[in-house]
Amino acid sequence: MFNKLAKFTLPLVFGLFALICLPALLAKADAPPQISAVAAVVIDQASGKVLYDKDMNAEHYPASTTKVLTALLTLENMDIDDKITLPEDYVNVGETSIGLKAGARQTVEELLMALMLYSANDAGQALAIGVAGTEEAFVEMMNQRVSALGLQHTHFCNPHGLHNEDHYTSAYDLAMIARVAMDNPEFRRIVTTDSFTVRKLNGEDNFTVGNRNGLLSQYEYADGIKTGYTRQAGNCIVASATKNDMQLIVVVLNSPNIYEESQALLEWGFDNSQHNLLVSANEVKANVKVLNGGRNQVEVIAEKSLYSVMRTDENINVQESLDLPNSVPAPIHRGEVIGSVTYTDENGYTYSTNLLAAKDVGRYNLRLVVRQSFQSVWQVFVVPFS
């Protein structure tokens, strides 16, 4: 009788024990650091997932962190070697500046370096004029871009961040702007540059600008982005760091210790997040039919590795979705984008990469058929004996 009872009750007991203890099997996340900033957020750069939030949607003055969007819009609309000439009616806005004058002619790269390293307000003015013709038109572009990103707590009035009662944003919105900006290779290069020489400023002497982001020298994993200060905004920072292929973005607004608090939040994010491989770069994900090709199908491979990021106290399922055509016409070139793969977790965060052709596929013709037949014969009859 006991054996029969044990046969049914023991599995039930073990099952209940597993259900009770399952939460304990997940690693417990440490409590986030206590910070004095009025607002802050930490996000995963790849997906935009929020890992930490302190009043992230509250609206605050951003000071010079505004310049992240100014630089992004410039890179999206101009080439790095383009030159911008300031009009004769140009008036320098002042405060932090490199002293640009009416008629000055500088490259986009020089102005971007002055903007993001030295935080030059006049460089922001010059870039706005170069991109849109006037500062007012550029500000309109800024707010349109913010709207296109779906951000609801931002309104900009200028390209540099000097105080205006109607110029505001939130920690979350700034993080999402920075996330897009850090996808741009030129932007990443600029914000990690130590110093840069603006040649023949105003046609006269060179002017060297140094990077004012102290986190770059203080924290070994830091790779950007921008600090800011006005009396009304306090000290602010939009920062990025990458560790073990995980990139996090942190925004800290109105804090007396922006470097210490941003570093503490980044370290907490790295220490209390799981980094799970979803797909490896060059991993074969599917075969796609080829029309009129020397081959009937082509393998498609992931362009880059993707990782899901979640807190160590989470256990979230991720679903894979392939976006591929039923067939593609030849010719196909190796590395050509054929489609994409997207992974979506239970909270709606997504991770995507392109799917590329793994090989060249030429159009079908008699010469190609003969060559492939010869290669097949060679592999079967000659290679084994060589």
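Partners of Asn92 by side-chain hydrogen bond (donor to acceptor under 3.5 Å, both in side chains), not counting sequence neighbours, listed by chain and number: Asp122. Shown here are the ring-ring contact (aromatic ring centres under 6.0 Å, His included) partners of Tyr52, two or more places apart in sequence or in another chain: there are none. By the side-chain hydrogen bond (donor to acceptor under 3.5 Å, both in side chains) test, Asn235 pairs with no residue at all, sequence neighbours left out. Scanning for side-chain hydrogen bond (donor to acceptor under 3.5 Å, both in side chains) contacts around Asp345 gives an empty result, with sequence neighbours left out. Qualifying ring-ring contact (aromatic ring centres under 6.0 Å, His included) partners for Tyr229, counting only residues two or more places apart in sequence or in other chains: none. With sequence neighbours left out, the side-chain hydrogen bond (donor to acceptor under 3.5 Å, both in side chains) criterion links Tyr90 to Gln125. Partners of Tyr219 under the ring-ring contact (aromatic ring centres under 6.0 Å, His included) rule, at least two apart in sequence or in another chain, are Tyr221. For Tyr172, the ring-ring contact (aromatic ring centres under 6.0 Å, His included) criterion is met by no residue, not counting sequence neighbours. Not counting sequence neighbours, Ser147 has no partner by the side chain to side chain contact (heavy atoms under 4.5 Å, CB included) test.
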List the atom pairs, donor and acceptor, that lie under 3.5 Å between side-chain atoms in residues 99-117 and the rest of the protein, sequence neighbours left out.
residue, atom, partner, partner atom, Å
Arg105, NH1, Thr85, OG1, 2.8
Gln106, OE1, Asn202, N, 3.2
Gln106, NE2, Glu110, OE1, 2.9
Gln106, NE2, Arg199, O, 3.4
Thr107, OG1, Glu110, N, 3.0
Thr107, OG1, Glu110, OE1, 3.3
Glu109, OE2, Arg189, NH1, 3.2
Glu109, OE2, Arg189, NH2, 2.9
Glu110, OE1, Thr107, N, 2.9
Glu110, OE2, Arg199, N, 3.0
Glu110, OE2, Arg199, NE, 3.2

Just list the side-chain donor-acceptor pairs under 3.5 Å for residues 299-308, sequence neighbours left out, or say none.
residue, atom, partner, partner atom, Å
Glu303, OE1, Asn354, ND2, 3.0
Ser305, OG, Ala281, N, 2.9

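Between Lys285 and Glu320 there is a salt bridge, with a side-chain nitrogen of the basic residue lying less than 4.0 Å from a carboxylate oxygen of the acidic one. Ion pair Glu261/Lys54 not flagged as a salt bridge, since none of the NZ, NE, NH1 or NH2 atoms sits closer than 4.0 Å to an Asp/Glu carboxylate oxygen.
Other residues sharing a hydrophobic cluster with Val93 under the 4.5 Å side-chain heavy-atom criterion for ILVMFWY residues are Leu162.
No donor-acceptor distance shorter than 3.5 angstrom exists from the side chain of Ser47 to the backbone of Tyr349, with no hydrogens or angles considered. Of the possible donor and acceptor atoms, one in the side chain of Asp53 sits under 3.5 Å from a partner among the backbone N and O of Met56. Side chain of Asp44 to backbone of Val309: no donor-acceptor contact under 3.5 angstrom is found.
Between His163 and Tyr61, the angle of the ring planes goes over 60°, which puts this pair in the perpendicular group of the 30/60° scheme.
No side-chain donor-acceptor contact under 3.5 Å links Thr66 and Lys226.
Closest heavy-atom contact between Thr154 and Ser170: OG1-N, 4.1 Å.
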